[in-house]
Q: 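Sending over a structure as structure tokens; questions will come in a sec.
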Amino acid sequence: MTHPIEAFAARLRTTLAQTTETLELGGRWPEAIPLEGLIAIMLVLLAAVSVALIAVVPIVLVLMERKISAYFQDRLGPTRVGPWGVLVTLADGIKLLFKEDLIPPQADKMLFRLAPYVVFGSSFAVVAVLPPFRSTVIGNLQLGLFIYLAVSSLVVLGIIMAGWSSNSKYSLFGALRGAAQMVSYEIPLGLAALMIVMTAGTLNMQHLVMDQVGGIHRWYMFRNPFLFIGAGIYFISSIAEVNRTPFDLPEAESEIVAGFHTEYSGLRFAYFFLAEYANVFVVSGICVALFMGGWSSPIPGFQALPGIVWFVGKVLVLVFVMMWIRWTVPRVRVDQLMAVCWKYLLPISFVNIVGTGVVVLLEREGWGAELPIGIGHMMWIAVPVVLLVLGLLAFSGTAPVRPRPTTVGR
Amino acid sequence: MSLVLFYGFVGLALTSALIVVTTRNIVHAAFALMVTLFSVAAFYVFLDADFLAVIQLLVYVGGILVLVLFGVMMTSGSLLVKLRAPVRQLAPAAAIGVVLLGLLLHVSIGESPWDQFVLVENPDGSAAAAIQGSASERPSLASLATASVRPRLSIAYASTRAQGEGPADRLLEQEVATALIGAGIQRMYVVQSRPDTLNPTRHVVLVEKRVTSLVDDHAEADISDEELASVREAVAGRPVDGFAPAEVSRPEMLLVTGADEKARVALIGDLGLREVTDVRTVVGLGDSVMLGEFLLPFEVVGALLLVALIGAAVVSRKELEA
Amino acid sequence: MITLSHFMVVSALLFVFGMFAVLTRRNAIAILMGIELILNSANLNFVAFSRYVVGGVAGQMIAVFVIVLAAAEAAVALAIILDIYQKLGTISPDETRELKG
């Protein structure tokens, strides 16, 4: 959307003219600056500030991960650099900067050099659709959610590029595993996002969040049980999308060294590393915007805190859950990974989509308008009751399952 | 500026396409194809087809190309085969290519009937630009507002929501209002169209709001009930007792939210306003088009995709008895 | 100013490149890439003509359907190519001539 920016440029120009008049400059010099120039300067400034802000995010997340993993394993974690070791990722970054940049002699040099930029670029580009606070400019793309799905799928190409060009079997295995996994899990992820699109009727992230303003009961996650399951599916798929444990087969260090970035070192490795943590932040941010009310306050009527505090807070909670899972759950096997996606998440997604469609249709037809709570909230009661009845009917004729005697004691 | 960008993408697309055709390494060809497809997505943006550009990225770059790369990796023996054809095959192909290229270029830039369409008024997108006397720039709200024919303009935004009162619509209003203030317009009418039970396309509820009140997080509109009623009647084309029609100005702009296609057209027709739709929004390819006019192809393509899915699975399945 | 002719020239070049790939490549997957180039050039023309001449979104809709068809075609073609590779050990269209008498 360019219009708000143009309007802002016009306003800026007027303000500048007024300022120069009060400064007795005759209001002359702003006229020399064309409107397009102002817009261009603003966009460049905006981009520079955003990149600087976003680059801080992975640094913080890496520190968070190291501290959390330490406490999970009853250690202290980094303590040396800075108070409580807060500067350790900065020191790591400097170390990576000064390391030798090795390119294997057998590698396809051009693709090997290009791959980190593809991964890094597509990971950071999707930050543009995140709505961190209420704004008519930031995150207010008409096709926001769709753009996220499209651009995040470009990461796969970067991973294949890295794996193939390294000319190492570990890299190639990692890349093929990663590509298969990400392409597969994109489907339940997209279907979970589709449920939200069906309910909201828009792809604009700001509009999605606006529709959830007003307290925790307005969050899409709690609108009806199908969307709640959808949120779960989305979260599981997004863990797989960012290649984290328990779905970290593409970079499983005990099997294939470091997967697709085995051969990378120095700054090129740092690009992959940054991209990974930026990805973690972005998928959590999208999940917050889709299912958990984005920047809106969860308490009805409580508006004291600015939106960005709520947004970052919710995102950090989700990131913490991801790290919790990483340091608690063991890695799955390849066949289990594919089974989770194709045999469980996908069919459940289809059922969910039908259920969401029913709720949307009933709400549009005006069902339950006279009830004190909406039809979606009614489903919270109806669906468990139906499941219970179905379960009782299904198991009423069968005998109770006895535990088999074990052979261990013999 | 945009021309420079355009030529940049042209260079990128043609160079990478040339690599696809000439390289000896099939993996290089695949990654060069990625650049070509990406540039084509950029061309779609230049053609105001943002939705299509995103589809191109999602399906082609994120889907088909990954599939092709998988194909390359799984037929690894073919990596050793020479990719280029011998000269006796190259020569006739090159001849055909040159002849075809000449023909196509003659059609494209020679004396062709296409020249007259350079400045054509696009009924959907470029009407506003035509009003400004130039079709080169994409119409923006600010440029619409400063155009000399302002009083007879309307901005018709059709939100995809059924009701026009959702928070999303409010944000939409807010965006437009911000743009209008930048352009120096203070007075705007927000029309929320609801179908009447008797005559669904006619009845219109009008809510008058000052533009400033829209931006200021929806403070109450500073309009008296009488003025509101009179504006409502004036827009509906009926005189009201006690208010001369002259007292009520016609709306400079209309922001229509929550209206379906028929109601919107009827509304614009009633007011005798010109309609300018923003085709760059998702509305252009939203449910009204894909599930309306193009419903049959949509379904056919869906069925075809299913058949292709099953077919591909069956073909690539390893023989069990072998 | 970008005119219709600009897009037509780009599209023509992409088409010729794609056709050249289809005619000369010795690898079935490379031929598939050429077909994708041809489809993209056709799509570009559809959208450009719809933007400059016809108006509306009909051209974009056709392009959407072509993209979907390309996806289906690529899936089936790659499945066939993989099957041929497993049976014959080559995917050169010149060497796969089992049906030739």
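A, B, ... follow the sequence lines: proteins, then strands. Residue 1 opens every chain. Please read these numbers as outputs of a predicted model, since none were measured by experiment.
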Q: Tell me, do B:I55 and C:V64 make a side-chain contact under 4.5 Å, heavy atoms counted?
A: yes
Q: What are the two closest heavy atoms between C:A75 and B:L67, and how far apart are they?
A: CA-CD2, 3.7 Å
Q: With a 4.5 angstrom heavy-atom cut-off, which part of B:I19 approaches chain C: side chain, backbone, both or neither?
A: backbone
Q: Shortest non-hydrogen contact from C:A74 to B:I64?
A: CB-CG2, 3.7 Å
Q: Working to the nearest 0.5 Å, report the span between CD1 of B:I26 and CZ of C:R26.
A: 13.0 Å
Q: How long is the span from the OG1 atom in B:T23 to the CZ atom in C:R25, to the nearest 0.5 Å?
A: 7.0 Å
Q: What option among B:T22, B:L309, B:L65 has the most heavy-atom pairs under 4.5 Å with chain C?
A: B:T22
Q: Is C:E73 in contact with chain B via its backbone, its side chain, both, or neither, using a 4.5 Å heavy-atom distance?
A: neither
Q: About how many Å separate CG of B:L14 and CZ of C:F17, when rounded to the nearest 0.5 Å?
A: 6.0 Å
Q: Does atom CZ (C:F7) have a neighbourhood of more than 12 heavy atoms from anything else shown, all under 6.0 Å?
A: yes
Q: Between B:A30 and chain C, with a heavy-atom cut-off of 4.5 Å, which part of the residue counts as in contact: side chain, backbone, both or neither?
A: both
Q: Checking side-chain polar atoms at under 3.5 Å, does C:N43 have a donor or acceptor matched by the opposite partner on B:Q56?
A: no
Q: When you compare the side chain of B:Y7 with that of C:H6, does any pair of heavy atoms fall below 4.5 Å?
A: yes
Q: Is there a side-chain contact between B:L47 and C:F49 (heavy atoms, below 4.5 Å)?
A: no
Q: With respect to chain B, which residue among C:I67, C:V9, C:V22, C:L23 yields the maximal number of heavy-atom pairs within a distance under 4.5 Å?
A: C:I67
Q: Run the side chain to side chain contact (heavy atoms under 4.5 Å, CB included) test on C:N40 and B:Y60 for me, step by step, so that the C-alpha distance in whole Å, both residues' side-chain angles and the decisive distance to 0.1 Å come before the verdict.
A: CA-CA 10 Å; C:N40 264 282; B:Y60 255 116; 3.5 Å; yes
Q: Measuring heavy-atom distances to chain B, does C:M19 have an atom under 4.5 Å in its side chain, in its backbone, in both, or in neither?
A: side chain
Q: Mind ranking B:V307, B:V40, B:V98, B:L103 by heavy-atom pairs under 4.5 Å with chain C and telling me who comes out on top?
A: B:V40
Q: If you round to the nearest 0.5 Å, how far is CG of B:L52 from CD1 of C:I62?
A: 11.5 Å
Q: Not counting sequence neighbours, which residues clear ring-ring contact (aromatic ring centres under 6.0 Å, His included) with C:F20? List them please.
A: none
Q: What option among B:L101, B:L104, B:V300 has the most heavy-atom pairs under 4.5 Å with chain C?
A: B:L101
Q: With a 4.5 angstrom heavy-atom cut-off, which part of C:L32 approaches chain B: side chain, backbone, both or neither?
A: side chain
Q: Kindly determine whether C:F15 and B:L100 satisfy side chain to side chain contact (heavy atoms under 4.5 Å, CB included), including the steps that lead there.
A: CA-CA 9 Å; C:F15 180 84; B:L100 201 59; 3.3 Å; yes
Q: Counting only non-hydrogen atoms closer than 4.5 Å, does B:L18 touch chain C with its backbone (N, CA, C, O), its side chain (CB onward), both, or neither?
A: both
Q: Specify which of B:A94, B:P92, B:A313 makes the most heavy-atom pairs with chain C at under 4.5 Å.
A: B:A94
Q: For C:L13, which atoms come within 4.5 Å of any heavy atom of chain B: side chain, backbone, both, or neither?
A: both
Q: Between B:A17 and C:L14, which heavy-atom pair has the shortest distance, and what is it?
A: CB-CD2, 3.7 Å
Q: Measure the spacing between CE of B:M74 and CD of C:Q86 and express it to the nearest 0.5 Å.
A: 7.5 Å
Q: So which part of B:V21 gets closer than 4.5 Å to some heavy atom of chain C, the side chain, the backbone, both or neither?
A: both
Q: Go through the steps to decide whether C:L69 and B:L304 satisfy the test side chain to side chain contact (heavy atoms under 4.5 Å, CB included), and finish with yes or no.
A: CA-CA 8 Å; C:L69 289 181; B:L304 184 119; 3.3 Å; yes
Q: Count the heavy-atom pairs under 4.5 Å between each of B:A308, B:A13, B:G302 and chain C, then report the option with the highest count.
A: B:A308
Q: Under 4.5 Å from any heavy atom of chain C, what part of B:L33 do you find: side chain, backbone, both or neither?
A: side chain
Q: Rounded to the nearest 0.5 Å, how far does CD of C:Q60 lie from OH of B:Y44?
A: 9.5 Å
